[in-house]
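Encoded as structure tokens, the structure appears first; notes follow it.
Excluded from the calculations below are hydrogen atoms, water molecules and symmetry mates; all remaining heavy atoms, backbone and side chain alike, are included.
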Amino acid sequence: MNILERALEWLIAALMLGLVAIVASQLVDRHIVTLPIAAPDQYARVLLVWLTFIGFAVAVKNGTNIRVDLIDAHLPVFLRRSLEVFFDVLMLLLTVLITYYALPLLDVGLEQERLGTVLTEAWPTAALLASGVLLVAFLSLRLLLCLAGRPVPRTAHLD
């Protein structure tokens with residue numbers, strides 16, 4: 001699991017670096033010298049989609065995904081933990097469904113080019129598929145640990 005965590009951290013860093021480089025190149029292209037890259041905004045969009053989906057999977061793995069806990073703060077610990085398990089199961093079911101339907105979407109995207117780039121529409125869909133696989137793995141692991149009575153490693157702990 002540590003190898004996967006490190007790989008995801010490096011992937012996120014590379015995506016951020018690529019996004020910063022593309023946005024900076026647009027600044028240079030508009031104000032200093034014309035660069036030979038067509039449609040840099042399209043590349044930035046694809047990188048942002050990848051960054052969003054992979055980042056969300058990592059946030060779920062670390063237990064730092066955003067949720068409204070206005071009512072949770074006033075519930076007993078047992079009920080809070082029960083709600084967490086319920087929401088993890090619900091998120092797992094939705095993720096399996098979305099990931100399953102991302103496969104035909106990927107096939108359709110392979111035939112559609114993103115204007116001004118060498119990329120196809122399959123690239124953003126591949127981010128959805130990759131994060132779906134990661135989410136299924138992370139949520140399944142979280143649920144298995146919870147059912148085994150072991151503490152779930154989280155960055156944000158419940159009190």
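The two residues Val46 and Pro124 make their nearest non-hydrogen contact at CG2-CG, 4.3 Å. Here the closest non-hydrogen pair linking Ser131 and Ala57 is O-CB, 4.2 Å. Between Ala44 and Ile22, the shortest heavy-atom contact is CB-CG2, 3.9 Å.
Here CG of Leu94 is found 11.5 Å from CZ of Phe87. Values are rounded to the nearest 0.5 Å. Rounding to the nearest 0.5 Å places NE2 of His74 at 13.5 Å from CG of Leu79. Taking CG from Asn62 and CD from Glu5, the interatomic distance works out to 6.5 Å, rounded to the nearest 0.5 Å. Distance check, rounded to the nearest 0.5 Å: OG1 of Thr117 to CZ of Arg45 gives 11.0 Å. Taking CG from Leu135 and CG from Leu92, the interatomic distance works out to 9.0 Å, rounded to the nearest 0.5 Å.
In this structure, the side chain of Trp123 does not engage the main chain of Trp50 through any donor-acceptor pair within 3.5 Å. Under the 3.5 Å distance criterion, the side-chain polar atoms of Arg81 are left unmatched by any main-chain donor or acceptor of Cys146.
In this structure, Ile3 places its CD1 atom where only 12 or fewer heavy-atom neighbours from other residues, nucleotides or ligands lie under 6.0 Å away.
The list of salt bridge (Lys or Arg N to Asp or Glu O under 4.0 Å) pairs with a residue in residues 96-116, not counting sequence neighbours, reads Arg114-Glu121.
Phe138 and Leu144 fall into different hydrophobic clusters, defined by Ile, Leu, Val, Met, Phe, Trp and Tyr side-chain heavy atoms under 4.5 Å apart, directly or through other members. The hydrophobic clustering, which links ILVMFWY residues whose side-chain heavy atoms are closer than 4.5 Å, places Phe53 and Leu106 apart. The hydrophobic cluster containing Val49 also contains Leu128, counting ILVMFWY residues as joined when their side-chain heavy atoms lie under 4.5 angstrom apart, directly or transitively. Note on Leu47 and Met16: same hydrophobic cluster, where clusters join Ile, Leu, Val, Met, Phe, Trp and Tyr whose side-chain heavy atoms are under 4.5 Å apart, directly or indirectly. Side-chain heavy atoms closer than 4.5 Å link hydrophobic residues (I, L, V, M, F, W, Y) into clusters, and following such links, possibly through other members, connects Ile54 to Leu19.
Remark: of the listed residues Leu90, Val136, Val133, Val136 is the sole one forming a side-chain contact (heavy atoms from CB on, under 4.5 Å) with Thr95.
A heavy-atom distance below 4.5 Å is not found between the side chains of Leu134 and Lys61.
A salt bridge links Arg6 with Glu9: the distance from a Lys NZ or Arg NE/NH1/NH2 to an Asp or Glu carboxylate oxygen falls below 4.0 Å.
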